[in-house]
Structure formats: structure tokens, C-alpha cells
Protein chains: 2
Amino acid sequence: MESEVLTRIRKLSQQYAYTSIQMHETIARQAGLPGTDHKYLGFLIQKGEMTAGELSNLTGLTTGAVTGLIDRFEKKGLVKRQFAEDDRRKVIIKPNTESIMALFAPLYKEFRSKSQELLASFSNKEIKVIETYFSKAIEIMNETTNKLNNK
Amino acid sequence: MESEVLTRIRKLSQQYAYTSIQMHETIARQAGLPGTDHKYLGFLIQKGEMTAGELSNLTGLTTGAVTGLIDRFEKKGLVKRQFAEDDRRKVIIKPNTESIMALFAPLYKEFRSKSQELLASFSNKEIKVIETYFSKAIEIMNETTNKLNNK
DNA sequence: GTAAATATCTTAGTTGCTAAGATAATATTA
DNA sequence: TAATATTATCTTAGCAACTAAGATATTTAC
């Protein structure tokens, strides 16, 4: 038997994740990125440049899939390939942050201002609560995922 | 220029959504559902039975894709097809909740108890804050998605 | 009763994935 | 140093699930 609160939060949480992915997919499609590529573009922006192998590890995609992914990004001018100076086997992927921003910023504009507004409606203390919840929930989900993957 | 708080929350939020999807995908894979099928199984559980067309609308998949989706679920005994009595063109998809639960419950067990624990560490007032944030953020994301889709 | 609309299924073609192996560069070792 | 092993990425073949378009079956409208 589980508490009503837990059920409510769990449903909201699932819906939140789903809605968020849905929105990001819609925005990506409008920006000319069909499928799930935008998900990986996010990594590149957040982490900055990285090698193809690192992206493969991070995403769980095979190196072959990553090759195709970078090809598609490169063709759109969103990233550049560059051999590493210290190891010429490595391919460094350099996100072209400016062109990425130019592509996505207008689509996120309204969302951002509304989010800003929503956050402004909470006190600092309340925001801290939200942050704590997010952080700890992320930790729990990662633990669950890792435990399931390593056995 | 955007506030630091907004940036922090936005990153946490994206990470939350990504981690959540990642966990659900891992659980689904362990349950023998590769790809993204589990996402749609969630709809069936939450909404109960629905027609193929409704599922198509809800998911944004074409009717052809939905046919394949139901085929895969049916083959695994997770849903049943049934013609609607009032309109024999319609196919009602009936989720077999018991077999779905039996498949997934053990994989979610530990996650649930940890979530329960996490939630217990917040006061009722704080939980209300989290719920409010989720609800309103979902609303904003849906608005954004709808606005982008209808133009 | 015929025509139009609707709900689902089928088919052909596309996309992006994995797995396995090829290629090129680097590290190791005798 | 030369031979061998390892590493990083790319290429290829095969596969799964998608879309778009059209087929089929049923219902609705005239």
C-alpha cells in the first residue's frame, strides 16, 4: 500500500518528464532536427567540446551511431569535427554555440519568460525546496538506473 | 540576461527529465521492451482503455505506427484488441493491468521505497510547493508545445 | 441506395540504430 | 627499432520502427 501523496507526486513527476521531453522534441523539430538528436546536442552545449568516444559513453550509443550523429550535426553547421593535436585518432566535436543558440533561442523565448515568472512566484526558501527535491530525486533515479544496468 | 536561479533550476529540470526517461528506458529494457514502447504503455495504464485512434492522437504517432505498436504489445500479452460494440471500425485497446504490473513492479520496487523516503523528508507544506511547481511547469510546457504545433 | 467520411490496417520507402569488421594512430614490448 | 597489441573512429550490412499513401471495412449523410 502506498501513500496518496506518493502516488500524486509520482504521476506528476512522470508527466513532468514526459511533457518536458515532448516540448523539447517539438522545439527541435521546428528547428529542423527530427528524431532524438536534440537530446545529444544538449550534452554538447552543457559539457562543451568532447571527443566522439566520450559522447558515445555519455549517450550509450555505439561509436557507429555517434559517427552518424556528428555527420548530421556537421551538415547543419551545428558542430565542427577537429582531430586532437595530442592524439590524431581522436575526433573532437566542437559545438558551434552561436549558431545553436541562434537556432533555438527564439523558440525558447516565451518559455523562458514564463518560467522566470513562475519562479518569481516562489520565495527563496521554496525555491530551495524545489532544488533539493530535484537533486535528490535525480540521485535516486541514477542509483536505480545504475543498479539495473550493472547486473 | 537571466537570473542565476533560473539557470540553475532550468539545468536541474532538464537533467531531471533526462534522468527520468533514462531510468524508465532502462527498466523497460529489463522488462523486455526495447525502444520507446514503454512510453506509450504508460498512457494506456494511466488512461485505461482507449481506441487506436485516440492513442495515435495522444502520442502523435501515425495510425500505421500505432498498429505496429499494438501488435507488439499484444504479442507480449500486455494488451488485448477488441472491436467496439457501437462502431465495429474502432479497435479498443485494453491494457492487461495485472500482467503489466507483474512485469514492472519488481523493477520499480526499490525506486518506490527510496522515493517514499525522500518524500517523507519534506513537510506537508514543502510537498505542496513541489506539487505546485510541477503542475504549473507542466502547464507552461504544454502551452509552449501547443503553440509551436499549431502554426 | 449511393456517396462521403471515418477508423484501422497494409505496404513501400526512409531513417537511425546495433554489431562486426576496417582503417589509422598510438602504446607496448622484446 | 620493429613487430604486435590496443585504441578511436568510421564503414557496412542488417534490422526495427517510423511516415506517407493507399486499401479495406464500417458508419453516416443525403
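Under the rule for a side chain to side chain donor-acceptor pair (under 3.5 Å), the partners of A/K114 that lie at least two apart in sequence or sit in another chain are A/E110, B/E143. Looking at residues two or more places apart in sequence or on another chain, you find a side-chain contact (heavy atoms from CB on, under 4.5 Å) between A/L103 and A/A31, A/L78. Residues passing the side chain to side chain donor-acceptor pair (under 3.5 Å) test with A/S13, sequence neighbours excluded: B/Y16. By the side chain to side chain donor-acceptor pair (under 3.5 Å) test, A/N57 pairs with no residue at all, sequence neighbours left out.
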Practice task
Using the side chain to side chain contact (heavy atoms under 4.5 Å, CB included) rule, take B/N149 and A/R29 through it: C-alpha gap first, then chi angles, then the decisive distance, then the call.
Solution key: CA-CA 10 Å; B/N149 277 327; A/R29 199 164 11 85; 3.8 Å; yes
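Axis orientation changes by 10° from one end of the helix from C/dG1-D/dC30 to C/dA30-D/dT1 to the other, with each end axis drawn from 5 pairs and the value rounded to 10°.
The CE atom of A/M141 lies 8.5 Å from the OG atom of B/S115; values are rounded to the nearest 0.5 Å.
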Can you give me every donor-acceptor pair (side chain of residues 59-71 of chain B, partner residue at least two apart or in another chain, under 3.5 Å) with its distance?
residue, atom, partner, partner atom, Å
B/T59, OG1, B/L55, O, 2.7
B/T59, OG1, B/S56, O, 3.4
B/T59, OG1, B/L61, N, 3.1
B/T62, OG1, B/A65, N, 3.3
B/T67, OG1, B/T63, O, 3.1
B/D71, OD1, B/R81, NH1, 2.9
B/D71, OD1, B/R81, NH2, 2.9

Let me have the donor-acceptor pairs involving side chains of residues 37-49 of chain A, under 3.5 Å, with sequence neighbours excluded, atom names and distances please.
residue, atom, partner, partner atom, Å
A/D37, OD1, A/R72, NH2, 3.0
A/D37, OD2, A/R72, NE, 2.8

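Residue pairs satisfying the side chain to side chain donor-acceptor pair (under 3.5 Å) criterion with at least one member in residues 129-139 of chain A, sequence neighbours excluded, are listed as follows: A/E131-B/R8. Within the structure, the ring-ring contact (aromatic ring centres under 6.0 Å, His included) test picks out the following pairs touching residues 85-111 of chain B (sequence neighbours left out): B/H24-B/Y108.
Using a 4.0 Å cut-off on heavy atoms, the residues of residues 79-97 of chain A that approach DNA chain D are A/R81, A/R89, A/K90, A/V91, listed by number. Residues from residues 36-61 of chain A placing a heavy atom under 4.0 Å of any atom in DNA chain D, listed by number, are A/T51, A/A52, A/G53.
Between chain B and DNA chain C, the heavy-atom contact criterion of under 4.0 Å yields a 5' to 3' nucleotide range of C/dA5 to C/dT10.
Checked by atom type and distance alone, the side chain of B/Q30 pairs as donor or acceptor with a backbone atom of A/L148 at under 3.5 Å.
Between B/R29 atom CZ and D/dA16 atom P there is a gap of 17 Å when expressed in whole angstrom units.
Here the side chains of B/E126 and B/S123 are in contact, with some heavy-atom distance below 4.5 Å.
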